[in-house]
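Written out below as structure tokens is the structure these notes cover.
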Amino acid sequence: RAPNADAAAGSSTDPTVTAAQPQTGIQKAVEDIQYAKESVSSMFRGLYSRLSSSINGEEDGEMKRLHIKTPVSRVMILEKGLPQSSKGLLLAINTPTRRKNTKQQEKYLREVAGVLDRRHKGRYMVWNLSDVSYDTKIFEDQVIQFQSPGLPSPPLQSIHQICKSIDSWLNADPQNVVLLHCGSGKGRTHLILASLLYYTKQAESMASAFKTLGIDCSEKNILNTVLVPTQRRYLRIFQEYLDGSATGKLSTPIVPLRLMIRKLTCHGIPFYHAKMSDPQSCRPYVQVFQESKLIQTSVGSKKKNEVTAEDLKVYDSKNQVMEFILNQNVKGDILIRMRHFQSIHKRITMFRCGFYTSFIGISMHEENSDRFGELKLRLPFKVDLEKSELDIASTSDKFSEDFKVEILFGEATEDDCDDRKQIDSKILDTNTTNEKMKIENEDQASKEEDIEALESRLHQVLDSIDTSDDEYSSTRHTSKKHNSTAVGDDFLGGDDDGEKLIAALRAELEED
């Protein structure tokens, strides 16, 4: 009404203003339809917005529930790793507990795959760094597995291959994403993340890589919960490995240096109660692994089950050092492990340390690092590892703070290797010859037994045929007279023919 009133008022004062035309029914209907259209569109936009927020919120909540985290752009991790048993272990033996644990893992991985399919269908790839194999069909066979059983860190070449493959996948398409996981969600996962940041030049150093990941390297307690000393050492090795090339991305693998571990000496005795009267005592032995394979033990046996208490010496508080002569040639990725023999069914790992022979001087601490190239002119040489540089021991109260391990290295000569090969070859040839002789003797004895049995049987037949009994002679004579076929004559042809048959059979058997 107001516009009409204003129009009327205006017309009384200004004759030039034309009066508004009355609105027709059609025009009013068009305006009502337009208004209804805008109202409905606004309502649907609001519903879509609320629905999208709800879906994204649910997805974010689902990722949070499944512990899927994105610490680096387009790279996701399983922050808690794979579901573990009640004891916090990824069981490897086929037991009811292990089978139950496997079902939990499969259920969890299917839920993770569901989130990836909804968000990145056909655009994701999974890198499995754990030692657990699972059905890759869960992720549509988009799984690359790098296993390094028993090793705290993947081998140096594997770290390089993993970083290279992830980088290639991300560069192939801007929409591609990565899911990276290990067993625990800590050690290997963060080692590869930091290595990837340095490999792709997103970080200037490993320290800055961890800063990007939200880990403060100055806080040793925090860093120790994420990486063990061997893993930190391998990060330093990988950095030095990449710095050896102009591009930082080596195209050819490094040639591992051959060395000999002459001796391992421990300064200090840990508390493992090998003696009831002395808690500072242990019954240790040392194992050397090369590329995940056990190649030497300090008791001369390569199988842990062959080690017995009688083979080992007990060290107690009266001792100052524990010394082990190894004289073992090594090259490439090496892991040294010391174990305590508690019982025939139980061995406890006391400490372990891993390294790469071409970078043997590199410690996990940057200020202590040293290229092997600067050391190789001073062979033999030793490397000292403090408690903080040893896996397990670094966080164990069974070791005193001044405990340290000294490893003496020397040059591995080709002559030593050739001598060992010749000795092994001679032993193998001797064993092979003895085995062949044993088999031939057994075959000969078997043949002679067969011949003797056959001779005995044939002689029984001859005796039954060639008898002096009158009835047998009469029967034989009658048979000839009636042109009947005599079994003895036709089959053996007389005594001489029987002996000839025996000789022929003997010759045939001996020939066979």
Side-chain angles (χ1 to χ4, degrees), residues 50-152 154 158 161-163 165-170 172-193 196 213-214 226:
R50 289 193 294 273
L51 183 61
S52 298
S53 299
S54 176
I55 291 174
N56 291 333
E58 289 179 1
E59 288 288 351
D60 292 340
E62 188 74 358
M63 290 186 69
K64 186 176 181 180
R65 183 181 68 84
L66 296 173
H67 303 289
I68 304 175
K69 188 179 178 182
T70 309
V72 180
S73 176
R74 298 164 60 198
V75 178
M76 296 173 286
I77 65 171
L78 300 183
E79 192 175 16
K80 300 294 183 180
L82 299 177
Q84 301 178 0
S85 67
S86 58
K87 293 183 179 180
L89 300 174
L90 288 169
L91 301 179
I93 58 175
N94 191 17
T95 62
T97 304
R98 191 258 183 186
R99 289 192 291 271
K100 180 180 179 181
N101 197 48
T102 301
K103 291 181 180 179
Q104 292 176 349
Q105 290 174 9
E106 290 183 356
K107 180 182 178 182
Y108 170 72
L109 291 174
R110 291 188 187 280
E111 291 181 307
V112 172
V115 173
L116 293 178
D117 287 336
R118 290 192 293 271
R119 289 196 166 202
H120 309 284
K121 180 72 173 179
R123 297 290 184 180
Y124 67 84
M125 184 73 72
V126 180
W127 271 259
N128 178 10
L129 307 178
S130 73
D131 296 330
V132 178
S133 300
Y134 49 76
D135 187 2
T136 59
K137 292 181 180 179
I138 296 175
F139 295 104
E140 299 181 349
D141 292 323
Q142 295 293 94
V143 179
I144 301 176
Q145 182 162 306
F146 285 86
Q147 287 189 337
S148 47
L151 297 178
S158 294
Q161 293 171 4
I162 293 168
C163 292
S165 59
I166 292 177
D167 187 41
S168 299
W169 171 253
L170 293 177
D173 193 299
Q175 295 184 2
N176 285 352
V177 297
V178 168
L179 175 65
L180 188 69
H181 77 85
C182 62
S184 65
K186 295 181 181 179
R188 294 180 185 176
T189 296
H190 286 87
L191 184 149
I192 295 300
L193 281 175
L196 179 65
L213 299 175
V226 178

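Interatomic distance, S168 OG to N176 CG, rounded to the nearest 0.5 Å: 11.0 Å. Annotation: the span from D135 atom CG to Q105 atom CD amounts to 12.5 Å, rounded to 0.5 Å. Rounding to the nearest 0.5 Å gives a distance of 5.0 Å between CG of L82 and OG of S130. If you take OG1 on T136 and CG on D141, they are separated by 4.0 Å, rounding to the nearest 0.5 Å. For the atom pair E79 CD and M63 CE, the distance stands at 11.0 Å (nearest 0.5 Å). With rounding to the nearest 0.5 Å, the separation of CD1 in I162 from CH2 in W127 is 10.0 Å.
Formation of a donor-acceptor pair under 3.5 Å by the R188 side chain with backbone atoms of C182 is not found in this model. N128 places no side-chain N or O within donor-acceptor distance of the main-chain N or O of F146, the cut-off being under 3.5 Å. H120 contributes no side-chain N or O that, together with a main-chain N or O of L116, makes up a donor-acceptor pair within less than 3.5 Å. Looking at Y134, its side chain never comes within 3.5 Å of a backbone N or O of E106 through a donor-acceptor pair. Panel note: side chain S184, backbone G81; no donor-acceptor pair is recorded below 3.5 Å. A donor-acceptor distance shorter than 3.5 angstrom exists from the side chain of W169 to the backbone of V177, with no hydrogens or angles considered.
Nearest heavy-atom pair, D131 versus S148, reported as atom, atom and distance to 0.1 Å: OD1-N, 3.2 Å. Scanning both residues, L191 and P154, for their nearest heavy atoms gives CD2-CD, 4.4 Å. The two residues I138 and L109 come nearest to each other via the heavy atoms CG2-O, 3.6 Å.
Contact of the Y108 side chain with the L78 side chain is registered, since non-hydrogen atoms from C-beta on lie closer than 4.5 Å. Here the side chains of M76 and T70 are in contact, with some heavy-atom distance below 4.5 Å. Taking the side chain as every heavy atom from C-beta outward, L213 and V72 approach each other to under 4.5 Å.
Between R74 and D173 there is no salt bridge, since no side-chain nitrogen of the basic residue lies less than 4.0 Å from a carboxylate oxygen of the acidic one. Salt-bridge annotation for R65 and E62: present, with a side-chain N of the basic residue lying under 4.0 Å from a carboxylate O of the acidic one.
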_Candidate pair L179 and Y124, rule side chain to side chain contact (heavy atoms under 4.5 Å, CB included), full reasoning_ = CA-CA 7 Å; L179 175 65; Y124 67 84; 5.9 Å; no

